[in-house]
Chemist: 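Dropping a structure here in structure tokens format, bear with me for questions.
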Amino acid sequence: MSKKIITDQFLIEEVIRTAKLLGRPPVGVTEYQYRNLATQRFGSWIKFLSEADLHWKADLGEGAEIRNMYIEEVRQIVHILNRVPRTSDFEDIREVRYYFKSLNGLLEAAGLEKKNNGYWSKKFING
């Protein structure tokens, strides 16, 4: 039985195809089955994405409509559930991390107030 050889070019083409399907680069093995191999071959996940001309995090101007959707979702969670959103409140926290770098980045973008103790207030700074 012959073993299939996976080329660097195949890895790059596959991650580009996957990114087009997702609307963003894949993050974990569940989204890109060759992540560990690509990381090993290229030295890091970020270097691999760079070789594929993809970015690990969204540029600030990218995905304004998606960003606004998540900001509105934060506001609704605070208004309806009367609490600060958690990662489990979002269908795809990986997408949140792609656009906002972290849940904290989203909460900040939504205008929630961060307290001195590191926790978030349910009050909005700008609205």
Side-chain angles (χ1 to χ4, degrees):
M1 200 179 285
S2 66
K3 195 173 186 181
K4 182 180 176 185
I5 297 174
I6 298 174
T7 65
D8 291 354
Q9 187 60 37
F10 171 81
L11 293 172
I12 289 170
E13 289 170 0
E14 190 67 10
V15 78
I16 290 169
R17 184 187 70 75
T18 303
K20 286 180 182 175
L21 288 171
L22 293 171
R24 62 172 168 73
V27 252
V29 175
T30 57
E31 293 182 329
Y32 183 70
Q33 66 177 332
Y34 305 107
R35 180 183 167 128
N36 294 335
L37 179 60
T39 299
Q40 180 183 12
R41 292 245 186 107
F42 290 84
S44 75
W45 182 244
I46 294 170
K47 286 179 185 176
F48 171 65
L49 291 179
S50 180
E51 284 292 322
D53 202 26
L54 297 170
H55 303 282
W56 184 55
K57 300 290 182 193
D59 292 330
L60 195 53
E62 182 183 345
E65 189 174 306
I66 293 170
R67 288 176 194 269
N68 290 336
M69 176 197 68
Y70 279 115
I71 288 169
E72 181 56 31
E73 196 169 338
V74 166
R75 292 175 181 273
Q76 287 180 13
I77 290 168
V78 170
H79 178 73
I80 294 168
L81 301 178
N82 195 31
R83 65 170 171 76
V84 175
R86 304 175 187 129
T87 56
S88 60
D89 290 323
F90 300 96
E91 188 175 315
D92 190 354
I93 194 62
R94 294 174 293 204
E95 187 171 71
V96 169
R97 289 183 181 129
Y98 177 70
Y99 286 104
F100 297 95
K101 295 190 171 75
S102 65
L103 177 59
N104 284 349
L106 170 57
L107 299 178
E108 184 178 320
L112 282 176
E113 180 180 11
K114 192 166 190 175
K115 298 178 184 180
N116 291 337
N117 63 6
Y119 291 100
W120 292 88
S121 170
K122 295 180 286 187
K123 297 177 184 174
F124 290 99
I125 295 171
N126 55 2

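Residues: numbered from 1 along the sequence shown.
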Chemist: Can you tell whether the side chains of Glu108 and Lys101 come within less than 4.0 Å, N to carboxylate O?
Modeler: no

Chemist: Excluding sequence neighbours, so at least two apart, what forms side-chain contact (heavy atoms from CB on, under 4.5 Å) with Ser121?
Modeler: Glu113, Lys115, Lys123

Chemist: Say whether Leu22 and Ile93 are linked into one hydrophobic cluster, either directly or through other cluster members, by side-chain heavy-atom distances under 4.5 angstrom.
Modeler: no

Chemist: Could you give all pairs that pass the salt bridge (Lys or Arg N to Asp or Glu O under 4.0 Å) test and reach residues 77-89, with sequence neighbours left out?
Modeler: Arg83-Asp89

Chemist: Could you tell me the separation between the CZ atom of Arg97 and the OG1 atom of Thr87, rounded to the nearest 0.5 Å?
Modeler: 6.5 Å

Chemist: Please report the interatomic distance CD1(Ile77) to CG(Asn82), rounded to the nearest 0.5 Å.
Modeler: 12.5 Å

Chemist: Once you round to the nearest 0.5 Å, how far does CD1 of Ile71 lie from CD1 of Ile66?
Modeler: 12.0 Å

Chemist: Report whether Tyr70 and Tyr98 are members of the same hydrophobic cluster (ILVMFWY, side-chain heavy atoms less than 4.5 Å apart, transitive linking).
Modeler: yes

Chemist: For the residue pair Arg24 and Glu62, establish whether any side-chain heavy-atom pair is separated by less than 4.5 Å.
Modeler: no

Chemist: Decide yes or no for Tyr99 and Leu106: does some side-chain heavy atom of the first lie under 4.5 Å from some side-chain heavy atom of the second?
Modeler: no

Chemist: Are any of the side-chain heavy atoms of Asn104 and Lys114 separated by less than 4.5 Å?
Modeler: yes

Chemist: Looking at every non-hydrogen atom in both residues, tell me the closest pair between Val74 and Pro85 and how far apart they are.
Modeler: CG1-CG, 3.9 Å

Chemist: Looking at Glu72, Glu73, His79, which one forms a side chain to side chain contact (heavy atoms under 4.5 Å, CB included) with Gln76?
Modeler: Glu72

Chemist: Same cluster for Val96 and Leu112 if Ile/Leu/Val/Met/Phe/Trp/Tyr side chains link at under 4.5 Å?
Modeler: yes

Chemist: Side chains of Tyr32 and Leu11: closer than 4.5 Å at any heavy-atom pair?
Modeler: yes

Chemist: Please tell me if the side chains of Leu21 and Glu31 come closer than 4.5 Å, counting only heavy atoms from C-beta onward.
Modeler: no

Chemist: Other residues, nucleotides and ligands only: do more than 12 of their heavy atoms fall within 6.0 Å of CG on Asp59?
Modeler: yes

Chemist: Are Trp56 and Tyr34 connected in the hydrophobic side-chain network, where two residues link if heavy atoms are under 4.5 Å apart?
Modeler: yes

Chemist: Identify, with sequence neighbours excluded, every residue that meets side chain to side chain donor-acceptor pair (under 3.5 Å) alongside Asp8.
Modeler: Arg41

Chemist: Where is the tightest heavy-atom contact between Pro25 and His55, given as atom of each residue plus distance?
Modeler: CG-O, 3.0 Å

Chemist: What is the distance from atom CH2 of Trp45 to atom CD of Gln40, rounded to the nearest 0.5 Å?
Modeler: 13.5 Å

Chemist: Supply the atom-to-atom distance Glu14 CD to Gln9 CD, rounded to the nearest 0.5 angstrom.
Modeler: 12.0 Å

Chemist: Would you kindly confirm whether Trp120 and Phe90 end up in one hydrophobic cluster when ILVMFWY residues are joined by side chain heavy atoms under 4.5 Å apart?
Modeler: yes

Chemist: Please give me the minimum heavy-atom distance between Tyr119 and Asn117, naming the atom from each residue.
Modeler: N-OD1, 2.9 Å

Chemist: Is a donor on one side and an acceptor on the other found under 3.5 Å between the side chain of Ser50 and the backbone of Ile46?
Modeler: no

